[in-house]
Amino acid sequence: MTTAARRIETDGLCRLIATLLAASLVAAAIPATGQESGKIDEKYLAQFEARENEAFVIGVQAYIYGKPVVEMVKTRFAMALNPESPEYTPLNHFRHFRRLIGPDFTAVVTPNNDTLYSIAWLDLTREPVILHVPDTAGRYYTMQMMDFYTNNFAYVGKRVTGTAEGDFAIVGPGFRKDLPSGMHKIEAPTPYVWIIGRTLVNGEKDLPAVHAIQDQYVLTPLSRRGKTGAAARDAFTPKLPRYDDSRPLAFFRMMNAGIRQNPPPSNEAVWMHLFDRINVGPSQEFVIDQLDLATASGLRRAITVGQQIVMAKSADLGTKVNGWDMLPPNTGNYGQAYTLRAAIAQKGLGANSPEEAYYPMANIDGQGRSLDGTNRYVLRFEKGRQPPVDAFWSLTLYRLPEYSLVANPIDRYSIGDRTKGLQFGRDGSLEIYLQHEATDKDRQSNWLPAPKGPFYVVLRMYMPKEQVLDGTYKVPPIKRAR
């Protein structure tokens with residue numbers, strides 16, 4: 001058992017004891033039934049404790065299972081359902097990000113600075129939505145399609161479908177009708193789908209060319225196909241609940257809303273049967289004010305412990321190799337790896353599948369010490385040992401705990417094989433400098449600025465070669481500079 005796991009277990013036990021003591025006080029404050037006034041009804045207290053503990057145990061499981069669902073509810077509300085949000089774009093419409101991302105971008109955590117995003121939320125409850133993509137003339141792009149449980153169920157783009165023009169019909173669960181000829185069918189597991197499009201951009205001068213491609217990414221509900229202008233796209237907004245986390249147990253209300261709208265696969269019926277006992281599930285209505293005292297107490301405690309478990313997993317993803325978290329091969333298609341799924345939803349919602357882009361992450365150096373901008377670091381790739389990819393690679397640095405890009409005087413947020421002016425050593429090696437203070441002028445071309453405090457880095461390898469996926473390739477450790 002890891003130190004973090006032991007700490008969670010110990011802290012959880014302490015909370016259990018404290019809660020049981022509190023429950024005893026609550027029970028003591030309730031008038032006795034069938035006993036002399038002032039005495040504790042031991043039967044009631046035992047029932048309270050049993051129910052509170054049952055809600056706690058189930059609630060922890062539900063928190064871990066439901067964390068990605070709640071993150072999707074939150075993100076969908078901000079992006080597609082709340083007109084007051086600066087990120088708002090109606091359902092079934094693309095929102096194209098037109099400039100390279102900087103520190104002010106907060107729509108998603110751990111964003112990349114290699115591509116321009118084209119993001120859309122689809123509502124497939126009424127009919128399929130047609131995705132049209134243009135011929136990108138070999139330029140890398142990808143349309144990642146994520147179900148409401150954060151599984152990547154399909155891709156359109158250079159790796160999977162090539163870069164030619166095409167039309168793809170994205171259909172919801174249970175759709176059985178015929179589609180127009182020449183249309184590629186993509187079946188979505190849930191009625192609501194998040195598309196995260198990424199198009200390679202090579203610096204500021206390349207932006208107009210990417211904008212022209214983005215303008216040709218079009219979403220059209222099937223019934224609007226062939227129509228032009230405003231009639232081509234439907235701005236229908238269904239009546240979905242607002243995201244509201246102002247109350248302690250709102251997490252379970254948001255989770256329940258997401259599950260009701262997006263029923264899980266049939267092989268997870270056992271979990272839904274279990275969650276029924278805390279009023280969470282596809283056929284349930286979770287109403288905070290209708291919970292009994294014991295259930296509410298157990299669920300509040302469950303949220304605290306669930307958060308600790310997810311945080312601990314977020315800090316220790318995958319297998320450690322030279323200080324890097326090498327994500328498991330099931331990233332993006334999690335199956336029953338619910339804790340991993342929850343941790344990635346918190347730390348990197350929208351993560352690609354490894355075959356599309358592999359993301360080693362590091363918040364420690366090669367000796368296990370936390371990365372912090374009060375120190376200086378170097379990442380050295382020996383000659384011929386740069387990340388092996390079929391597309392491109394980049395290293396991006398993020399401030400903790402915000403998981404956001406770091407403002408810096410040279411406006412550089414990532415560095416990689418497309419960075420102009422990189423300096424190589426006489427032996428063919430490549431050194432990247434990670435530090436807060438500016439480097440010497442002759443090293444500034446290889447400088448990736450860090451904040452004054454804690455940070456972590458993500459090495460993105462787009463279309464990685466097999467030696468990355470099978471673990472043969474080892475990313476070198478980050479070392480403190482002398």
Side-chain angles (χ1 to χ4, degrees), residues 100-106 109-114 202-204 314-317 320-326 347-348 358-387 389 392-461 473-482:
L100 288 166
I101 285 174
D104 58 337
F105 180 83
T106 59
V109 294
T110 318
N112 82 69
N113 195 246
D114 306 306
N202 292 306
E204 294 287 337
S314 297
D316 192 19
L317 291 170
K320 289 284 188 189
V321 178
N322 292 334
W324 294 87
D325 284 314
M326 309 303 290
K347 189 172 184 177
Y358 194 63
Y359 299 157
M361 305 179 183
N363 60 4
I364 60 174
D365 63 19
Q367 294 186 330
R369 299 169 297 191
S370 296
L371 298 177
D372 193 287
T374 56
N375 302 307
R376 296 182 297 119
Y377 304 91
V378 61
L379 174 62
R380 177 185 174 92
F381 295 102
E382 299 295 344
K383 181 179 179 180
R385 297 299 297 166
Q386 292 183 42
V389 294
F392 57 96
W393 67 267
S394 69
L395 181 73
T396 311
L397 190 150
Y398 301 92
R399 179 193 305 276
L400 289 173
E402 298 87 354
Y403 302 106
S404 61
L405 298 173
V406 179
N408 64 83
I410 62 173
D411 291 327
R412 177 180 289 164
Y413 311 109
S414 65
I415 197 167
D417 58 359
R418 296 169 299 114
T419 302
K420 294 182 178 180
L422 279 180
Q423 298 295 312
F424 290 80
R426 291 182 178 179
D427 60 358
S429 65
L430 172 66
E431 292 188 339
I432 297 174
Y433 308 108
L434 313 174
Q435 59 190 66
H436 177 66
E437 300 296 336
T439 61
D440 298 335
K441 287 186 178 180
D442 59 344
R443 291 187 170 188
Q444 197 163 107
S445 59
N446 293 25
W447 174 37
L448 186 56
K452 290 183 179 180
F455 68 90
Y456 84 108
V457 293
V458 178
L459 177 63
R460 288 182 171 85
M461 294 180 269
Y473 176 77
K474 303 292 191 297
V475 183
I478 297 172
K479 296 181 179 181
R480 280 194 187 180
R482 296 183 183 276

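Quick caveat, the model's predicted, so the values are computed rather than measured.
- A side-chain donor-acceptor contact under 3.5 Å links T374 and D372.
- Qualifying ring-ring contact (aromatic ring centres under 6.0 Å, His included) partners for Y473, counting only residues two or more places apart in sequence or in other chains: none.
- With sequence neighbours left out, F424 forms a ring-ring contact (aromatic ring centres under 6.0 Å, His included) with no residue at all.
- Between L395 and L434, the shortest heavy-atom contact is CD2-CD2, 4.0 Å.
- To the nearest 0.5 Å, atom OG of residue S370 and atom CZ of residue F455 are 10.0 Å apart.
- In terms of heavy atoms, Y413 sits closest to A407 at CE2-CA, 4.3 Å.
- Panel note: side chain T396, backbone P111; no donor-acceptor pair is recorded below 3.5 Å.
- Under the 3.5 Å distance criterion, the side-chain polar atoms of S445 are left unmatched by any main-chain donor or acceptor of L422.
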task = Report the C-alpha separation of S429 and E382 in whole Å, then their side-chain angles, then the decisive distance to 0.1 Å, and conclude whether the side chain to side chain contact (heavy atoms under 4.5 Å, CB included) test is met.
result = CA-CA 4 Å; S429 65; E382 299 295 344; 4.1 Å; yes

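- Inter-residue side-chain proximity for H436 and V406 is flagged as unmet; no heavy-atom pair is nearer than 4.5 Å.
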key: Test log, rule salt bridge (charged side-chain N to carboxylate O under 4.0 Å, His left out), inputs D440 and R376   = CA-CA 13 Å; D440 298 335; R376 296 182 297 119; over 6 Å; no

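- Between M361 atom CE and K347 atom NZ the span is 6.0 Å, to the nearest 0.5 Å.
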inquiry  = Could you walk me through whether Y377 and L371 satisfy the side chain to side chain contact (heavy atoms under 4.5 Å, CB included) test, starting with their C-alpha distance in whole Å, then the side-chain angles of each, then the deciding distance to 0.1 Å, before giving a yes or no?
reply    = CA-CA 9 Å; Y377 304 91; L371 298 177; 3.7 Å; yes

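- Counting all heavy atoms, side chain and backbone alike, Y433 lies closest to E431 at OH-OE1, 3.0 Å.
- Legend: residues meeting ring-ring contact (aromatic ring centres under 6.0 Å, His included) with W324, ordered by chain and number and at least two apart, are absent.
- Across P451 and R399, no two heavy atoms sit closer than the pair CB-NH1, 3.6 Å.
- A distance of 6.0 Å separates CH2 in W393 from CG in D417, rounded to the nearest 0.5 Å.
- In this structure a side-chain-to-backbone donor-acceptor pair under 3.5 Å is present from Q435 to E437.
- To the nearest 0.5 Å, atoms CG (N202) and CZ (R418) are separated by 5.0 Å.
- The distance from atom CG of L448 to atom CD1 of I415, rounded to the nearest 0.5 Å, is 6.0 Å.
- For Y403, there are no side-chain hydrogen bond (donor to acceptor under 3.5 Å, both in side chains) partners at least two apart in sequence or on another chain.
- Between V321 and V475, every side-chain heavy-atom pair lies at or beyond the 4.5 Å cut-off.
- By the ring-ring contact (aromatic ring centres under 6.0 Å, His included) test, Y398 pairs with Y456, sequence neighbours left out.
- N113 contributes a side-chain N or O that, together with a main-chain N or O of I101, makes up a donor-acceptor pair within less than 3.5 Å.
- The side-chain hydrogen bond (donor to acceptor under 3.5 Å, both in side chains) search around D325 returns K320, not counting sequence neighbours.
- Side chains of P449 and L397 form no contact here, defined as non-hydrogen atoms less than 4.5 Å apart.
- The shortest side-chain heavy-atom distance between P387 and L459 falls under the 4.5 Å cut-off.
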query = Where do S414 and D114 land on the side chain to side chain contact (heavy atoms under 4.5 Å, CB included) test, with the steps shown first?
reply = CA-CA 8 Å; S414 65; D114 306 306; 3.9 Å; yes

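- Ionic pairing of D427 and R380 is present here: one or more N-O contacts between side-chain nitrogen and carboxylate oxygen are shorter than 4.0 angstrom.
- Atom-to-atom distance recorded for T419:OG1 and N446:CG is 9.0 Å, nearest 0.5 angstrom.
- Between the side chain of Q386 and the backbone N or O of G384 there is no donor-acceptor pair closer than 3.5 Å.
- Contact between R412 and Q444 at its shortest, heavy atoms only, is NH1-O, 3.0 Å.
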message = One pair to check against side chain to side chain contact (heavy atoms under 4.5 Å, CB included): Y359 and R460. What are the steps and the verdict?
response = CA-CA 5 Å; Y359 299 157; R460 288 182 171 85; 3.5 Å; yes

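- A438 approaches W447 most closely through the heavy-atom pair CA-CH2, 3.5 Å.
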